[in-house]
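Okay, structure first, notes after.
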Amino acid sequence: MEYKFNFIGYQNYPHQVLFDFFYMYFKDNEKAAFFMVAITEAICNACRYNKKFYDRAKIDITIKYINKSLIVSIKADTYKTKAKMIKDNLFKLTKNNNACWHEIIQDKSSGRGIWLMLQSCDRVILEPDMQTVHLVVYLPYKIRKLSNKKLLNKLDIGVLEI
């Protein structure tokens with residue numbers, strides 16, 4: 001099964017439609033909301049780093065259900081960033097494994113998005129140029145609290161081909 005959502009500008013993000021969609025799979029408001037955190041962060045980043053402004057960013061969302069997994073792909077025309085550099089920087093931050101990710105980034109305006117995606121998903125795949133992010137959850141969906149290292153072990157770089 002495949003579903004597609006396209007919109008222009010963060011103000012047109014179909015939050016409620018997507019929440020209702022994931023509630024249909026999870027049958028639980030808390031789980032749907034928790035997963036929506038990852039999606040909202042990915043969309044926020046897609047708008048924030050877009051070559052156009054927030055209100056003109058074109059965002060494509062594809063949702064696939066494959067082998068008891070939901071894969072949500074968010075694609076936008078963002079400025080290219082090297083995903084490997086981001087992953088390497090995140091691993092440097094895990095030297096203090098006792099600190100939670102929110103203690104590491106504190107109140108900085110950037111850096112929290114990938115941590116939130118990792119906390120909410122079973123797998124996060126960043127395409128090498130960072131123009132597409134794939135968020136993967138396995139069904140039945142479970143909310144887990146993990147250490148920083150275990151969170152970062154869920155982060156992959158590559159092109160997802162299905």
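Please read these numbers as outputs of a predicted model, since none were measured by experiment.
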Query - Residues that Asp28 engages under side-chain hydrogen bond (donor to acceptor under 3.5 Å, both in side chains), provided they are two or more places apart - result: none
Report summary line: Taken to the nearest 0.5 Å, the spacing of Thr62 OG1 from Asn6 CG works out to 7.5 Å
Query raised in the report: Under 4.5 Å between side-chain heavy atoms, hopping through other hydrophobics if needed: is there a path connecting Val159 to Ile157?
Result: no
Requested in this report: List the atom of Ala46, the atom of Ile59, and the distance in Å for their closest heavy-atom pair.
Outcome: CB-CD1, 3.6 Å
Query raised in the report: To the nearest 0.5 Å, what is the distance between CZ (Arg56) and CG (Asp77)?
Result: 12.0 Å
Report task. Might you point out which heavy atoms bring Ala33 and Phe19 nearest each other, and give the distance in Å? Result -> N-CE1, 3.5 Å
Requested in this report: Please say whether more than 12 non-hydrogen atoms of neighbouring residues, nucleotides or ligands are located less than 6.0 Å from NZ in Lys75.
Outcome: no
Report task. Please list, chain by chain and in numerical order, all residues satisfying side-chain contact (heavy atoms from CB on, under 4.5 Å) with Ala42, sequence neighbours excluded. Result -> Ile74, Met117, Leu135
Query raised in the report: Quick one: do Val72 and Met24 end up in the same hydrophobic cluster if we chain Ile, Leu, Val, Met, Phe, Trp and Tyr together by side-chain heavy atoms under 4.5 Å apart?
Result: yes
Report summary line: Those residues at least two apart in sequence (or on a different chain) that pass side-chain hydrogen bond (donor to acceptor under 3.5 Å, both in side chains) with Ser73 are His134
Report task. Decide yes or no for Leu155 and Trp115: does some side-chain heavy atom of the first lie under 4.5 Å from some side-chain heavy atom of the second? Result -> no
Query raised in the report: Quick one: CG on Leu116 to CG on Asn45, what's the gap to the nearest 0.5 Å?
Result: 9.5 Å
Query raised in the report: Among all residues two or more places apart in sequence or in another chain, which pass the ring pair (Phe, Tyr, Trp, His ring centres under 6.0 Å) test with Phe21?
Result: Tyr3, Tyr25
Query - With sequence neighbours excluded, residues passing side-chain contact (heavy atoms from CB on, under 4.5 Å) with Asp55 - result: Gln11, Phe53
Query raised in the report: Closest heavy-atom contact between Met130 and Thr78?
Result: O-OG1, 3.6 Å
Query raised in the report: Partners of Lys58 by side-chain hydrogen bond (donor to acceptor under 3.5 Å, both in side chains), sequence neighbours excluded?
Result: Asp60
Query raised in the report: Under the salt bridge (charged side-chain N to carboxylate O under 4.0 Å, His left out) rule, what pairs show up with a residue in residues 116-130, not counting sequence neighbours?
Result: Asp122-Arg144, Arg123-Asp156
Query raised in the report: Going only through I, L, V, M, F, W and Y residues with side-chain contacts under 4.5 Å, is there a path from Tyr79 to Tyr54?
Result: no
**Report entry** Minimum heavy-atom distance Val137-Cys121, with the two atoms named
**Finding:** CG1-CA, 4.0 Å
**Report entry** Pairs touching residues 12-23 that satisfy side-chain hydrogen bond (donor to acceptor under 3.5 Å, both in side chains), sequence neighbours left out
**Finding:** Tyr13-Thr40, Gln16-Asp20
Query raised in the report: Which residues satisfy the salt bridge (charged side-chain N to carboxylate O under 4.0 Å, His left out) test with Glu2, sequence neighbours excluded?
Result: Lys4, Lys64
Query raised in the report: Quick one: CD on Glu30 to CZ on Phe34, what's the gap to the nearest 0.5 Å?
Result: 8.5 Å
Query - Ile39 CD1 to Phe22 CZ distance, which is reported to the nearest 0.5 Å - result: 3.5 Å
Requested in this report: Go through Ile143 and Lys31 one step at a time and tell me if the side-chain contact (heavy atoms from CB on, under 4.5 Å) criterion holds.
Outcome: CA-CA 7 Å; Ile143 297 173; Lys31 290 177 181 177; 4.1 Å; yes
Report task. Taking all heavy atoms of Ser120 and all of Ala38, pick out the closest pair and write down the distance. Result -> CB-CB, 3.6 Å
Report summary line: Sorted by chain and residue number, the side-chain hydrogen bond (donor to acceptor under 3.5 Å, both in side chains) partners of Lys80 (sequence neighbours excluded) come out as none
Report task. Would you give the length of the straight line joining atom NZ of Lys68 to atom OH of Tyr138, rounded to the nearest 0.5 angstrom? Result -> 14.0 Å
Query - Transitive ILVMFWY side-chain link Tyr10 to Ile8, under 4.5 Å - result: no
